[in-house]
There are 2 protein chains.
Amino acid sequence: MISTHLDNFTVVLHKPKYPGNIGSTARCLKNMGMGKLIISEAGPFSPAEMKIMSTHFAADIVDRIGYHDRLGDALAPFQYIVGTTSRLGSARGPVLSPREISPSLAELSRRNEVALLFGAEDKGLSNSDLRYCHSVVAIPVSEKLKSINLSHAVMILCYEISLAAAERKSVFTPKLASSREIEGMYEQVKEVLMEIGFLNPQNPDYWLMHIRRLLSRTGLFSRDVKIIRGICRQVRWALRNKNS
Amino acid sequence: MISTHLDNFTVVLHKPKYPGNIGSTARCLKNMGMGKLIISEAGPFSPAEMKIMSTHFAADIVDRIGYHDRLGDALAPFQYIVGTTSRLGSARGPVLSPREISPSLAELSRRNEVALLFGAEDKGLSNSDLRYCHSVVAIPVSEKLKSINLSHAVMILCYEISLAAAERKSVFTPKLASSREIEGMYEQVKEVLMEIGFLNPQNPDYWLMHIRRLLSRTGLFSRDVKIIRGICRQVRWALRNKNS
């Protein structure tokens, strides 16, 4: 997953309380190909404490944290600001999900600096904080527990944005066996299953159909075909060998 | 976001090290409408330590954690097992993203117990652990830092599943064979493949691993297990019969 425009995202933590959460946030950013972290109206926090959770891999993000005494100053350089909330209400205006907003954020980030703004662990963002925001996002959660850990909320939003930025659908695309390979294999399977008396020679296709269905549900690789044909050969060899 | 079938998902943490990560995992489950957590080959851990991160809202999940001494026992009741990895490679077979796999998991969970299996914080799951899995998932991450914190990995997978469950449109849900049935079948397959000389008695597991992977990629029904066991019996019968 590579997208140069992920550099244009910055996570802004407003009044965070726990250095562990900040360190975890730094690690999430690194996981998702982002790297800029700002803290507003809190800290400074101990880099050593934050690095326990960031791991040394994301220590550079911790070392570059920018601190601001006022939220307005922290947000001043950004062209687009996304607020996050777990509280829904008409007072907050329209609220989008991370999945809904991410394509447009990925697009905006090509020419704009985008801030992802998160509130304190306990209270979130106030209506006053949300005034700065161009849009507001809420992560869909269960009624049973709406309060998401700060770094987990950061992770989900950054994950959605990085997927949208990459627009990549597949992690790994397998190369499958051809129909020619598959049919040759089934011929051999049929012969050997008849030889051992598993298939009725009068109607071999009934059970063979079930076997085809079983194997066809998965996509077979060339290597799988070779393994199955190898087993068939070996069954025949074993039969002949014991016979003689 | 409400789906009764989220009850059919269980997160299985194999050899986890840190109670904080387990507590965080419990909170993520609660956030996403799930509630079952199993620990394999580790612990027991201090409930008090785990509850620091679970918060009291997810303390019930911590209190109900099931411990198992062996991974095979932990997984025995499940009809479908999803492994997670950060390492991609052809040796691991096809790997899906959480987004790719979640719709089918949401569907399967209507009639099957599904395990989401996560390895230790440092080492993840071994190839041997992945043998139990019907499919393998990797979270798309930046090249800069591929290692995701355990609870964040759980969060992303559960988030994707809960979204997919909420969007789910009913098609057809197969009832799959349990891990117990599958493992019994592999024992029989192994014996007969050794008998015909396909597997090397010194190292039977090498080729067996490839066969397991081939068959596990598809979800096996109970009927499929019976067919494969029937073929094994018939091979043995044919060998004995011709012998005498």
Side-chain angles (χ1 to χ4, degrees), chain A residues 1-2 6 24 27-28 30-35 53 55 57-58 99 139-149 151-152 155-156 159 162-163 166 168-172 174 193 195-198 207 210-211 214-215 217-221 223-224 227-228 230-231 234-235 237-239 242-243, chain B residues 1-2 24 27-28 30-33 35 53 55 57-58 88 93-97 99-100 138-149 151-152 155-156 159 162-163 166 193 195-198 207 210-211 214-215 217-221 223-224 227-228 230-231 234-235 237-239 242-243:
Chain A
M1 179 186 309
I2 292 167
L6 292 175
S24 282
R27 180 171 176 180
C28 294
K30 197 81 165 186
N31 285 145
M32 292 301 142
M34 301 180 186
M53 293 307 288
T55 78
F57 298 109
R99 187 157 305 174
I139 295 170
V141 284
S142 164
E143 293 293 319
K144 292 175 189 166
L145 177 53
K146 292 189 172 186
S147 161
I148 299 184
N149 169 275
S151 69
H152 289 83
M155 183 57 134
I156 287 178
Y159 162 76
S162 73
L163 280 190
R168 188 183 53 183
K169 294 213 167 55
S170 185
V171 175
F172 175 82
L193 289 181
E195 189 168 335
I196 65 169
F198 186 81
W207 283 106
H210 285 87
I211 293 164
L214 186 173
L215 290 174
R217 283 205 306 277
T218 187
L220 291 178
F221 301 100
R223 187 176 62 186
D224 299 328
I227 288 172
I228 292 168
I231 292 172
Q234 196 71 25
V235 168
W237 176 88
L239 287 171
K242 298 223 171 184
N243 230 359
Chain B
M1 180 187 311
I2 290 165
S24 281
R27 179 171 176 181
C28 293
K30 198 82 165 188
N31 285 144
M32 292 299 142
M53 294 306 290
T55 77
F57 298 108
L88 304 180
V95 174
L96 298 172
S97 72
R99 187 155 304 172
E100 286 171 321
I139 295 169
V141 283
S142 164
E143 293 293 320
K144 292 175 191 167
L145 178 53
K146 292 189 174 185
S147 161
I148 299 183
N149 169 275
S151 69
H152 288 84
M155 183 55 135
I156 287 179
Y159 163 76
S162 73
L163 281 190
L193 289 182
E195 190 167 334
I196 66 170
F198 185 80
W207 283 105
H210 286 86
I211 293 163
L214 185 171
L215 289 174
R217 282 207 307 277
T218 186
L220 290 177
F221 301 101
R223 187 178 62 187
D224 298 327
I227 289 173
I228 292 167
I231 293 172
Q234 196 72 25
V235 168
W237 176 88
L239 287 171
K242 297 224 172 181
N243 232 359

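Convention: sequence-line order gives letters A, B, ...; per-chain numbering from 1. The analysis underlying the following values was restricted to heavy atoms, covering all of them including side chains, and did not include hydrogens, waters or symmetry mates.
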Report the distance from atom [atom1] of [X] to atom [atom2] of [Y], rounding to the nearest 0.5 Å.
{"X": "I139(B)", "Y": "S162(A)", "atom1": "CD1", "atom2": "OG", "value": "10.5 Å"}
{"X": "Y159(B)", "Y": "R99(A)", "atom1": "OH", "atom2": "CZ", "value": "5.0 Å"}
{"X": "N149(A)", "Y": "S151(B)", "atom1": "CG", "atom2": "OG", "value": "7.0 Å"}
{"X": "L145(A)", "Y": "R27(B)", "atom1": "CG", "atom2": "CZ", "value": "6.0 Å"}

### Message
Could you check whether any side-chain N or O of N31(A) sits under 3.5 Å from a backbone N or O of S147(B), counting only pairs where one atom can act as donor and the other as acceptor?
### Response
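Judged by distance alone, yes, a pair lies under 3.5 Å.
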
### Message
Only pairs of heavy atoms separated by less than 4.5 Å count here; which of M155(B), K146(B), E195(B), H152(B) has the most with chain A?
### Response
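When all of M155(B), K146(B), E195(B), H152(B) are compared, H152(B) has the most.
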
### Message
A side-chain contact here means heavy atoms from C-beta on lying under 4.5 Å apart; do L215(B) and L214(A) qualify?
### Response
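Contact flag for L215(B)/L214(A) side chains = yes.
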
So for [X], is it side chain, backbone, both, or neither that comes closer than 4.5 Å to the heavy atoms of chain A?
{"X": "K30(B)", "answer": "both"}
{"X": "I227(B)", "answer": "both"}
{"X": "I148(B)", "answer": "both"}

### Task
Identify the two heavy atoms, one from G33(B) and one from S142(A), that lie closest to each other, and give their separation to 0.1 Å.
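Scanning both residues completely, I find the closest heavy atoms to be N-CB, 3.4 Å.
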
### Task
Return the set of residues passing salt bridge (charged side-chain N to carboxylate O under 4.0 Å, His left out) with K144(A) (not counting sequence neighbours), or none when no residue passes.
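Once residues adjacent in sequence are excluded, K144(A) has no partner under the salt bridge (charged side-chain N to carboxylate O under 4.0 Å, His left out) criterion.
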
### Task
Below 4.5 Å from any heavy atom of chain B, which atoms of I231(A) appear? Answer side chain, backbone, both or neither.
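When you check distances to chain B, atoms from both the backbone and side chain of I231(A) fall under 4.5 Å.
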
